[in-house]
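Residue numbers start from 1 in every chain, and the chains themselves are labelled A, B, ... in the order their sequence lines are given, proteins ahead of strands. What's counted below: heavy atoms across the whole structure, side chains too, no hydrogens, waters or symmetry copies.
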Protein chains: 2
Amino acid sequence: MDFTIRAAMLEDCKDIARMITELAVYEKVADKVKITPKVLEQDGFSKNPFFQCIIAEVPEQHRTKEGHSKVGYALYFYAYSSWSGRSVYMEDLYVMPEFRGKGIGKALMSKIAQLGLAAGCNQLNFSVLNWNKPSIDFYQSQGCMDITSDHGYHCMRCEGAALERLAEGNPKK
Amino acid sequence: MDFTIRAAMLEDCKDIARMITELAVYEKVADKVKITPKVLEQDGFSKNPFFQCIIAEVPEQHRTKEGHSKVGYALYFYAYSSWSGRSVYMEDLYVMPEFRGKGIGKALMSKIAQLGLAAGCNQLNFSVLNWNKPSIDFYQSQGCMDITSDHGYHCMRCEGAALERLAEGNPKK
């Protein structure tokens with residue numbers, strides 16, 4: 001099947017938000033999605049965007065029965081390693097279920113690697129849920145390492161009221 | 001002990017690189033540090049910087065015997081969660097050993113939380129090595145969660161020759 005990979009535009013935010021929700025349903029956390037097309041427009045398509053995005057699109061004749069021709073996306077941003085310098089972080093990689101197995105995910109990920117290298121990055125980083133074995137297998141087949149299992153890195157987070165208390169200098173309140 | 005927290009400037013890159021190396025020695029990975037003051041100047045202090053940094057400084061009379069008055073730093077950048085929007089990522093938090101236990105680390109981390117909230121962020125994210133129990137205990141005392149242990153997030157990475165092969169669309173070469 002033909003498909004194209006291109007940079008996302010403002011007009012894609014509705015489809016990106018739809019696919020973010022589809023991915024969250026797959027990851028069993030649909031209730032955690034607070035994002036809306038409007039927020040994506042503001043955060044990704046104004047001056048100094050917080051993220052960038054690429055879209056996979058199929059020709060008209062391969063649209064889904066709901067009419068979707070935008071069938072996958074990768075959302076990413078530039079990051080930094082104090083050991084090795086510039087890096088690119090892939091926040092999401094998603095292809096709609098009926099379009100999997102056609103090389104679209106590989107093409108999206110390869111494009112992120114190209115964009116990262118062109119920007120002088122030495123690393124591509126991302127995270128994955130440990131029960132998601134199909135994804136882990138896919139990523140390892142693409143040359144990626146699990147640095148949590150191999151080197152013991154743990155992801156930490158502070159959010160919501162805890163983040164506000166930390167900012168106030170009073171985390172135990 | 002008095003100390004001040006301030007935004008890093010170009011002139012601080014030599015001290016930041018020194019402390020990045022000290023932190024890597026503590027984390028037992030000194031051989032992985034490829035960064036230099038020159039690279040930090042280019043990547044953090046030109047247009048569209050890849051990272052930002054804050055510095056902890058003590059008065060002249062508390063300098064180390066080697067003459068250092070810049071005794072801690074936190075290196076961070078803005079990131080994005082497709083579920084909850086803007087976030088801030090703390091790449092490094094470091095205080096020189098003889099200045100620990102004086103609230104400098106807490107003040108640096110609190111400042112990152114303030115800066116993140118001011119920029120509209122909902123989350124502070126970072127990673128920690130699983131053998132580094134003193135740091136994990138400190139972070140948990142500051143209201144942070146271990147989302148690898150609690151929710152199964154694993155960090156994945158592609159770098160070096162593997163990243164180049166991925167970009168070429170030929171990861172198994």
Say you draw a straight line from NE2 of B/His154 to OG of A/Ser135; how long is it, rounded to the nearest 0.5 Å? 13.5 Å

Which atoms form the tightest heavy-atom contact between B/Ser110 and A/Leu166, and what is the distance? OG-O, 2.7 Å

Checking an interface table here. Which of residues 83-106 of chain A come within a heavy-atom distance under 4.5 Å of chain B? A/Trp83, A/Ser84, A/Gly85, A/Arg86, A/Glu91, A/Asp92

Which pair of non-hydrogen atoms, one from A/Leu124 and one from B/Leu163, has the smallest distance, and what is that distance? CB-CD1, 3.7 Å

What option among B/His151, B/Met145, B/Glu159, B/Lys32 has the most heavy-atom pairs under 4.5 Å with chain A? B/Met145

Of the listed B/Gly160, B/Cys155, B/Ala162, the one with the largest count of heavy-atom pairs under 4.5 Å with chain A is B/Cys155

Is B/Glu27 close to chain A through its backbone or its side chain, or both, or neither, when contacts mean heavy atoms under 4.5 Å? side chain

In terms of heavy-atom pairs under 4.5 Å with chain B, the winner among A/Leu75, A/Leu117, A/Asn48, A/Asp43 is A/Asp43

Most chain A-contacting option - heavy-atom pairs closer than 4.5 Å, from B/Arg157, B/Gln123, B/Gln142: B/Arg157

A/Val25-A/Val71 co-clustered via ILVMFWY side chain contacts under 4.5 Å: no

For the SG atom of A/Cys158 and the CD1 atom of B/Ile112, what is their distance to the nearest 0.5 Å? 12.0 Å

Please give me the minimum heavy-atom distance between B/Tyr153 and A/Thr148, naming the atom from each residue. O-OG1, 4.4 Å

Atom CG of B/Asp137 with >12 non-hydrogen neighbours under 6.0 angstrom: yes

Among B/Gly143, B/Gly152, B/Ala113, which residue forms the greatest number of heavy-atom pairs with chain A at distances under 4.5 Å? B/Gly152

Side-chain heavy atoms under 4.5 angstrom apart, residues restricted to Ile, Leu, Val, Met, Phe, Trp, Tyr: same cluster for B/Trp131 and A/Met156? yes

Output the option from B/Cys144, B/Gly44, B/Ala167, B/Gly116 having the highest count of non-hydrogen pairs under 4.5 Å with chain A. B/Ala167

Counting heavy-atom pairs under 4.5 Å with chain A, the top scorer among B/Glu164, B/Gln140, B/Gln114, B/Lys111 is B/Gln114

Scanning both residues in full, the closest heavy-atom pair of A/Ala79 with B/Phe50 reads O-CD2, 3.7 Å

Please report the shortest heavy-atom distance between A/Phe77 and B/Phe77, naming the atom on each side. CE1-CE1, 4.5 Å

Heavy-atom pairs under 4.5 Å with chain B: which of A/Ile20, A/Ile136, A/Val33, A/Leu129 has the most? A/Leu129

Can you tell me which portion of B/Thr21 sits under 4.5 Å from chain A's heavy atoms? Options are side chain, backbone, both or neither. neither

